[in-house]
Amino acid sequence: MPELPEVETVRRGLAPIFEGSSIFGVELRRADLRFPFPPNFQARLKGRRVATLRRRAKYLVAELDNDDALIMHLGMSGSFRIDAAPLPGDFHFSRSKHPAHDHVVFNFESGARVTYNDPRRFGFMLLLAGKEIDAHPLFAKLGMEPLDPAMSAGALARILQGRATPLKSALLDQKNIAGLGNIYVCEALHRARLSPLRIAGSLAASGKPLKALERLSTSIKAVLTEAIEAGGSSLRDHRQTDGSLGYFQHNFRVYDRENAPCPTPGCKGLVARVTQAGRSTFYCPACQK
DNA sequence: CTGTGTTCCTGTTCGC
DNA sequence: TGCGAACAGGAACACA
């Protein structure tokens with residue numbers, strides 16, 4: 001599931017539990033996810049208070065009171081679940097059988113419990129010293145946040161200038177813009193009426209008017225903002241931290257809608273599906289140029 | 001610098 | 001109904 005809007009939705013769900021709370025203990029149900037957990041993972045978290053829970057690209061960053069940071073990535077299938085605090089003496093709460101693929105459990109001193117579940121285990125967790133984050137390989141090359149004020153037609157022009165790669169690939173590359181994934185790239189390109197197959201650099205030749213890039217910038221911000229407001233998208237069984245479903249998937253214009261009529265007013269096209277870099281791209285060949 | 005293919009895993013869906 | 005193949009939101013990597 002998790003592209004920027006889903007990760008942001010998770011962050012908003014977890015923040016009231018994490019921020020200002022002290023970690024009583026962490027349970028690991030296995031030794032690794034995508035990567036092994038860092039050495040002394042549990043010991044380094046125990047007793048720490050979480051200062052803030054922020055998001056960078058598709059990463060969650062829990063900044064701790066000792067200046068360490070817990071980095072969490074949801075991969076393809078990761079999700080968090082918040083369980084209500086148990087009543088005093090509630091044995092069942094702590095002893096009940098856990099669902100399949102519950103890999104990490106955070107117990108807070110407040111009694112709140114947050115469980116990380118990830119069937120495919122493409123997600124991972126790291127512990128970094130606060131100072132190390134920006135220099136870490138996973139963060140050092142990340143591009144700009146698409147909802148940052150710095151994101152603009154001009155910024156897109158600088159990124160895309162001279163690039164021979166298809167526009168979709170360029171937008172999916174986290175080194176250019178950080179946080180877009182397959183769904184929202186398809187959706188943003190449709191809104192901007194730009195073909196995912198178009199060579200990225202062709203939009204940004206020097207001296208070229210920025211009109212198309214203005215549309216792209218606006219579309220990216222709009223689709224992400226709307227998706228966050230809708231609580232993200234729930235494909236398959238993905239849920240928010242409180243168990244409710246996001247509903248932005250009902251607003252997809254092209255994603256997973258092969259052969260559906262193009263939703264652009266007045267357009268007679270049908271949504272097509274092609275493969276780029278091994279992944280499905282959905283777009284309207286009639287109105288996306 | 002390119003794009004493509006592969007890999008890490010499991011679950012769901014689709015075609016026969 | 002069963003069974004195998006294809007495919008799925010990410011991202012690093014090797015390779016040509």
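Naming: A, B, ... by sequence-line order, numbering from 1 per chain. Since we're looking at a predicted model, the values are computed, not measured.
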For [N], does OP1 or OP2 lie under 4.0 Å from any side-chain N or O of [X]?
{"X": "A:H73", "N": "C:dA11", "result": "yes"}
{"X": "A:R279", "N": "C:dG9", "result": "yes"}
{"X": "A:H101", "N": "B:dC9", "result": "no"}

Can you pull every protein N or O that's under 3.5 Å from an N or O on nucleotides 4-6 of chain B?
| unit_1 | atom_1 | unit_2 | atom_2 | d |
| --- | --- | --- | --- | --- |
| B:dT4 | OP2 | A:A277 | N | 3.4 |

Query - Other ILVMFWY residues reachable from A:L197 by side-chain steps of under 4.5 Å - result: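 Members besides A:L197, by chain and number: A:V274, A:Y283.
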**Report entry** Members besides A:F139 in its Ile/Leu/Val/Met/Phe/Trp/Tyr cluster (side-chain heavy atoms under 4.5 Å)
**Finding:**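 Cluster partners of A:F139: A:F35, A:Y59, A:V61, A:I71, A:F124, A:L126, A:L128, A:I133, A:L138, A:L142.
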Query raised in the report: Mind pulling the stems DNA chain C is in, i.e. runs of at least three Watson-Crick or G-U pairs, everything under 3.5 Å?
Result: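 DNA chain C forms these stems: B:2-8 with C:10-16, B:10-16 with C:2-8.
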For [X], give me all partners under salt bridge (Lys or Arg N to Asp or Glu O under 4.0 Å), at least two apart in sequence or on another chain.
{"X": "A:R48", "value": "A:D65"}
{"X": "A:R279", "value": "none"}
{"X": "A:R81", "value": "A:D83, A:D102"}
{"X": "A:R253", "value": "none"}

Report task. Just grab all the ring-ring contact (aromatic ring centres under 6.0 Å, His included) pairs involving residues 202-229 of chain A, residues at least two apart or on different chains. Result ->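 Applying ring-ring contact (aromatic ring centres under 6.0 Å, His included) to every pair that reaches into residues 202-229 of chain A, excluding sequence neighbours, yields nothing.
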Query raised in the report: Under the ring-ring contact (aromatic ring centres under 6.0 Å, His included) rule, what pairs show up with a residue in residues 200-232 of chain A, not counting sequence neighbours?
Result: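 Checked against ring-ring contact (aromatic ring centres under 6.0 Å, His included) - neighbours excluded - no pair reaches residues 200-232 of chain A.
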Query - Contacts of type side-chain contact (heavy atoms from CB on, under 4.5 Å), residue A:A192, not counting sequence neighbours - result: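 Here the qualifying residues are A:L194, A:R215, A:L216, A:S219.
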Query raised in the report: Is A:R120 side chain donor-acceptor paired with the C:dA8 base, going by distance under 3.5 Å alone?
Result: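 Counting by modelled atom types and ignoring angles, a donor-acceptor contact under 3.5 Å is found here.
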**Report entry** Nearest-angstrom distance, P atom, C:dG9 to B:dC14
**Finding:**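 My reading of the P atoms in C:dG9 and B:dC14 gives 15 Å.
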Query raised in the report: Between atom CD1 in A:I199 and atom P in B:dT2, what is the gap in whole Å?
Result: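 It works out to 10 Å between those atoms.
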Query raised in the report: For DNA chain C, what residues of residues 133-146 of chain A have any heavy atom nearer than 4.0 Å?
Result: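 Output list: empty, so none.
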**Report entry** Ring centroid separation A:F108 to A:F24 under 6.0 Å
**Finding:**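 Centroid separation for A:F108 and A:F24: 6.0 Å or greater.
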